[in-house]
Amino acid sequence: MEKQELLTKTKDALTPFETENVIKFLQNLSLKSAMENPWLIGGFLIVFFYAVVKRSKFVLLTLFSVVALMVLICYTFPPPGDELQLSSTLPFVFGGLVIGGVLLYFNFVKTE
């Protein structure tokens with residue numbers, strides 16, 4: 001009976017991680033909910049610590065670009081329903097250029 005209880009508890013605990021539930025979560029994911037989701041933040045922290053321990057420049061730059069683009073989109077684009085204006089797209093363009101410049105610098109210019 002103890003094994004059956006353990007299997008039932010394990011099955012109930014892993015139900016949110018079924019493929020169908022994960023796909024529904026990703027389809028309904030908005031940028032705001034992604035930045036507030038503790039699972040995604042925890043995943044980013046795990047990847048960050050892995051990159052620091054392994055000293056992987058590629059993983060750190062990928063993580064930097066993903067987080068920078070998420071923050072850039074969150075703060076520059078208007079909420080859904082509003083129209084895009086030049087005043088909201090210019091910071092996005094210049095922020096994208098800065099992110100691209102940082103990536104190019106660390107990939108091609110700076111050598112160790």
Is there a path of hydrophobic side-chain contacts, each under 4.5 Å between heavy atoms of I, L, V, M, F, W or Y residues, that connects Tyr105 with Leu103?
yes
Same cluster or not: are Leu63 and Val52 linked, directly or through other Ile, Leu, Val, Met, Phe, Trp or Tyr residues, by side-chain heavy atoms under 4.5 angstrom apart?
yes
With hydrophobic residues grouped by side-chain heavy-atom distances under 4.5 Å, do Val59 and Ile46 end up in a single group?
no
Ignoring hydrogens and angles, write down the donor-acceptor pairs under 3.5 Å from the side chains of residues 90-99, residues two or more places apart or on other chains.
none

Identify, with sequence neighbours excluded, every residue that meets side chain to side chain contact (heavy atoms under 4.5 Å, CB included) alongside Phe106.
Leu61, Val102, Lys110
Any non-hydrogen side-chain atom of Leu60 less than 4.5 Å from a side-chain atom of Phe48?
yes
